[in-house]
Amino acid sequence: MSENDLSLFAHLLRRAGFGARRDELEAYAAKGYEAVVEELLHPELRPPIEEDILHRYNGWDQGSGMAPAWLYRMINTERPLEEKVALFWHHVFATGTAKAEHPHTNMAQIEMFRHDGFSDMKTILVGLSRDPAMIHWLDNNENHKDEPNENYGRELLELFSMGVGHYTETDIKMAGRAFTGWTFEQPIPLYTTGLYPVNFEYNEDDHDDSVKTFLGQEGRFNGEDIIDIIVNQPATAAFISRHMYNFFVADEPQVPSWDTEPPQDPNAIEMLSKAYFDSDGEIRPMLRVLFNSDFFKEARFKKVKNPAELVTGVIKLVGTDRWPTPGFARYASATTVMGQMLMNPPTVEGWHTGSEWINGGTLNERVNFAVNQVADATKPGVGEIVDHLASQDGHVSPGQFVDTCLDLVGSLVVSAATRDGLMEYANAAGEVSFGTEAEREESTAHVVRMLQLIVATREYQFA
Amino acid sequence: MTRPYGLLRAGFPYVKCVGMRRVTNQSMDVAIGKDYTLYVLSRTGAIARLTLDDDDLRPIAGGGEDDGKFVWPVAMLIDDDENLWISDESLNRISVITTEGEFVRKWGEAGEGDGQLNGVSGISFDPEGDVYVADTLNHRVQKFTNEGKFLLKWGGLGDAEGQFNMPWGIKVDELGDVYVADWRNDRVQKFNAEGKFLFAFGSSGSEKGQFNRPAGVEVDADGDIYIADAGNDRVQQFNVDGLYMEQFLGDATLSKSMRRYVLSNGRTLRLREMASDLEAQKRFRNPRSIRLDDQARMYVADFGSFRIQIYQKDVVPLAEGEIDVPLRAPTLFTT
């Protein structure tokens, strides 16, 4: 197995998952690339997370427990693409807890993404339109026959399916009217015994059943009819394809500029759009095309890690937190100070991604988090890197030292200038060796320092 | 104390609720003081103090690693001196505090060796005052003196008789026998005081007598066994032989503190009025512990609904001669 192959698998697992350690990469590589893609695309082939363990230890029925629980899933799931797809849809259909104050509904929405995320756009959009968290987030519970509220209809078109420039204000109003009566049952309030699940409710008496004209078609459209029309639009295929490209392949400009800024790789969008129509809007075949494409394989380190990716990738690298701990909330705090409070995006537009993840403050947080995590040589993942170096015969030259460490943090490719900087430290450290306890102790300190330097590089910020 | 020869089971009605969200958050366990003061252990580390009439006597303790604080508390006992004993599965220690929250002592250290703990959860006194604990992640039971000196252990990971998979609740009855809620094996095992296996009951599922991650276990003076069947959102009662008797799904009404809160909050009143299905609020959600008092009241720590539900056991103890001898087989004769 060549190193290049492992590098490709490292790339795949950063994008279709949350990173992987060396032993995991070797196990994946032994199966072959396309087989691994298929395995990732079929999470049902792998065991689910142990819900009883998560439920027992994680704070239950508490808003503050949601994001830590999700990060625990990302780190420990054997179905990495299932969680990644859920995170993808969370980016696209950004729904926050701040307004609803009902975290159960947000957790239920993420579970819906987990369950339906690979299915087809109609299923996903119908589920989204019936989702109490979304209904409340975009005021569709206030969308009445005699007093329409077009908020959901607008965002359905603008942010969730077609994108600006492919519909009119009249289409928005018609979509809004089609979703009148789509609401939820009033749940038992938080006080005095906590939150209860919320159920979708279709109130026929509050539905505007009049004739509507939408995207050139006319009828007594209800919400599902609107979605039927939407999912057959080329604009929808292109818009979702571009979201997919932006999330899984390479950073695109921010979504609001997509009506004026063309995609950086129109051919990729075209391939994904074709897969969309070839499969009646199914997501799994689109992802299959994406992960097996050359444009994906060639897109290594062309995407800034979002904070959830950065935090989970570092934790997987150091190999800790394979079991719930009270301190798991600190990882949710970490993503928050890096600009991503999971399940609480800043607006319905979601997070601005790519280079906008990085500013003076967030970069500091990202680097400090990673540097602090790799500082402890007793952590399993750090220890494995030490052991790997120690298993090499004799002394490890400075060049070998740098290259091996870069490889073991995820086949990281760095610029010549960055490598020169790492070599400067490696040369100062001299040959590392592990023959005696004293040598091992000294060399382990060098390994830790080298890892700290690597995770502090510009390149490590990219997936 | 001897157990009755037989029982007339007259009923087991719901009595009332105490506590509410914010007062008894994430109720893990409840201890009953001599004057029926209730101490409700929250997963957050706080211990609410309530009268049986649901008056709030101010909380004690709280979250943290300092002495007298808790990170992941699981179970709580009250001893004859009215001190509270609390297990903490994160800190791997048993702490003793007064009912005013003053730290008394602690013991326990992390590890796998004799006397060391890994995720300690259930705790129970035996008739001599020694302490049995469920050493959850070491998959075993350990016995300590009142001062924390190691005495005995048994178990190990597995599903054979005498083995455990993450045991949680533990109870030593007045005869010295030990009952363990074998959490991940979905069963209850009974041992003698030295750890000799006596019998087990339960299997995975939601039918009567089955379990979905049983948490707390309690045994009353009649020998009846109560299991907080957490994953099935119910409490199950078994007789002294492990025969299924009945289940409790929860019958909650508003506690006094709940009524006071709701009646002073017009918005909450309106939202309750709009809610289409109030039945759910009666039911247990992930009950984690059961405790009994000397009046045959059963207290259920209704973890997911932030409260304690209280039931009253109504039985008539029967002496030999007041009830027929046991039959060898079931019969369709009626009398």
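Computed from a prediction, not measured in an experiment: that's the story for all the values here.
- Geometric assessment of B:R288 against the ring of B:W168 yields a negative cation-pi assignment under the 6.0 Å and 45° thresholds.
- With chain B as partner, the option from A:Q186, A:E185, A:E201 having the largest number of non-hydrogen pairs under 4.5 angstrom is A:Q186.
- When heavy atoms are compared at a cutoff of 4.5 Å, B:N265 does not approach chain A at all.
- Only the side chain of B:S121 comes within contact range of chain A, with heavy atoms under 4.5 Å apart.
- Only the side chain of B:R184 comes within less than 4.5 Å of a heavy atom in chain A; its backbone stays farther off.
- Using a 4.5 Å heavy-atom cutoff, the side chains of A:D131 and A:M112 are in contact.
- Counting only N and O atoms by type, the side chains of A:K379 and A:Q373 include a donor and acceptor under 3.5 Å apart.
- Counting heavy-atom pairs under 4.5 Å between each of B:T44, B:L271, B:V71, B:T24 and chain A puts B:L271 at the top.
- With a threshold of 4.5 angstrom between heavy atoms, A:P187 approaches chain B through N, CA, C or O but not through any side-chain atom.
- A cation-pi arrangement is absent between B:R234 and B:F284, since the terminal nitrogen or guanidinium carbon is not both under 6.0 Å from the aromatic centre and inside a 45° cone about the axis.
- By the 4.0 Å N-to-carboxylate-O rule, B:K69 lies too far from B:D88 to be salt-bridged with it.
- A donor atom on one side chain and an acceptor atom on the other are found under 3.5 Å apart for A:H144 and A:D206.
- Heavy atoms of B:R272 lying under 4.5 Å from chain A belong to its backbone as well as its side chain.
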